[in-house]
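All ligand and atom numbering here is 1-based and tracks the order in the structure.
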Amino acid sequence: MSDKIALSTWPTPLERVPRLAAALGLGEDDLWIKRDDLIGLGGGGNKVRKLEWTVGAALAAGADTLVTTGAAQSNHARLTAAAGARLGLDVVLVFPGTPDSAVNGSGNLVLDGLFGARVFWAGDSDPSTMADVTDEVCRRLRHDGARPFAIPFGGSSPLGARGYVDGGAELLSQLPDVEHVVVALGSGGTMAGLIGALGERRVLGVHCGAVAEPAVTVADLTTALTGRDIAPGSLRIRTDQVGAGYGVLHEPVLAAMRTAALTEGLVLDPVYSGRAMAGLIAAVRDGDIRPAQRSVLLHTGGLPGLFGHTETVHRTVDSLRSYGSERTPPHTSA
Ligand SMILES: *Cc1c(COP(=O)(O)O)cnc(C)c1O
């Protein structure tokens with residue numbers, strides 16, 4: 001029996017993007033976008049599909065408080081906060097940094113606040129110790145009489161990854177002859193789930209720099225999920241879009257974000273979906289993805305994060321073009 005719960009309305013749209021396809025040198029019917037950014041909870045994004053399973057397990061366990069961790073601009077944390085609000089559960093988010101980090105906070109932190117989540121600031125903890133800090137927070141909550149349930153970083157347990165077995169099956173019913181699904185690889189659960197539905201050959205992951213060993217991370221999750229022994233070397237993963245590291249704006253990603261915005265009015269984010277798009281562009285350039293093959297970019301969301309990354313905001317505003325404002329307004333000329 002599954003404890004999965006419903007947190008949105010399915011399926012999400014699958015859209016053809018002919019102008020974007022043409023800009024990449026593909027045919028008009030070659031490229032499609034799976035719009036998981038339009039998932040109808042908390043601003044949307046891929047983490048909702050995983051939360052349908054992990055929060056389902058929390059409810060089945062009798063929890064009254066969800067606890068999770070990530071970077072301060074974590075989309076997963078924001079959507080956990082939204083799921084908690086919808087279900088009447090308390091939410092505690094464990095972030096590196098201090099309360100000062102919130103003062104200058106924007107993007108996802110604004111929404112975490114609106115959804116009523118509380119933040120445990122872990123100071124300058126090493127990312128590798130955040131799971132231990134989360135355990136400690138759960139101990140304190142239990143001591144205070146709460147019934148906490150910890151959801152891992154990114155929601156990427158084998159259970160959470162089942163959300164993308166669902167997502168992959170949904171996509172197959174919309175586009176049975178899909179040949180490539182391009183997806184940002186963060187904590188790995190989304191790619192693992194897609195492989196569970198579509199197999200290793202059709203899923204191309206674009207590493208975003210969030211984990212040290214992306215192929216091992218995804219292979220371990222996929223093995224636990226499917227019960228098949230998946231070798232890291234059998235996975236299609238690009239590591240050429242990390243640039244200076246996770247969360248640091250990388251020029252090809254800004255170029256990819258501009259191309260998607262200018263051709264389709266489509267917004268990508270600088271950390272994940274923009275990197276996936278940049279990886280897709282690179283894959284077309286080097287022949288891994290070719291014209292006349294059906295390709296899908298999974299749009300995993302992340303729009304609030306765009307406004308939480310000041311470099312992206314500044315670089316975009318700096319390039320804002322002016323029309324005519326250097327001249328005298330027409331109605332005042334003689
Ligand atoms: C978390 C996230 C990803 C990556 O998904 P994982 O399952 O963590 O690999 C991609 N895009 C966005 C917008 C995300 O928030």
> Taking the side chain from Thr68 and the backbone from Ala77, do they hold a donor-acceptor pair closer than 3.5 Å?
Replying inline: no
N/O pairs closer than 3.5 Å, ligand 1 and protein:
unit_1	atom_1	unit_2	atom_2	d
ligand 1	5 (O)	Asn46	ND2	3.0
ligand 1	5 (O)	Thr190	OG1	3.4
ligand 1	7 (O)	Lys50	NZ	2.5
ligand 1	7 (O)	Gly189	N	3.4
ligand 1	7 (O)	Thr190	N	2.9
ligand 1	7 (O)	Thr190	OG1	2.7
ligand 1	8 (O)	Ser187	N	2.7
ligand 1	8 (O)	Ser187	OG	2.5
ligand 1	9 (O)	Gly186	N	2.7
ligand 1	9 (O)	Ser187	N	3.1
ligand 1	9 (O)	Gly188	N	2.8
ligand 1	11 (N)	Thr300	OG1	2.6
ligand 1	15 (O)	Lys47	NZ	2.8
ligand 1	15 (O)	Asn75	ND2	2.8

>> List the residues meeting side-chain hydrogen bond (donor to acceptor under 3.5 Å, both in side chains) with Asp220, not counting sequence neighbours, and say none if there are none.
In response: none
>> Out of the candidates His250, Arg275, His207, only one should pair with Gln241 under the side chain to side chain donor-acceptor pair (under 3.5 Å) rule; please name it.
In response: His250
>> Contact between Asn108 and Asn75 at the side-chain level, heavy atoms closer than 4.5 Å - yes or no?
In response: yes
Show me the donor-acceptor pairs, under 3.5 Å and distance only, between side chains in residues 187-198 and residues at least two apart or in other chains.
unit_1	atom_1	unit_2	atom_2	d
Ser187	OG	Ser156	OG	2.6
Thr190	OG1	Asn46	ND2	2.9

> How would you list, by chain and number, every residue that makes a side-chain hydrogen bond (donor to acceptor under 3.5 Å, both in side chains) with Asp135, sequence neighbours excluded?
Replying inline: none
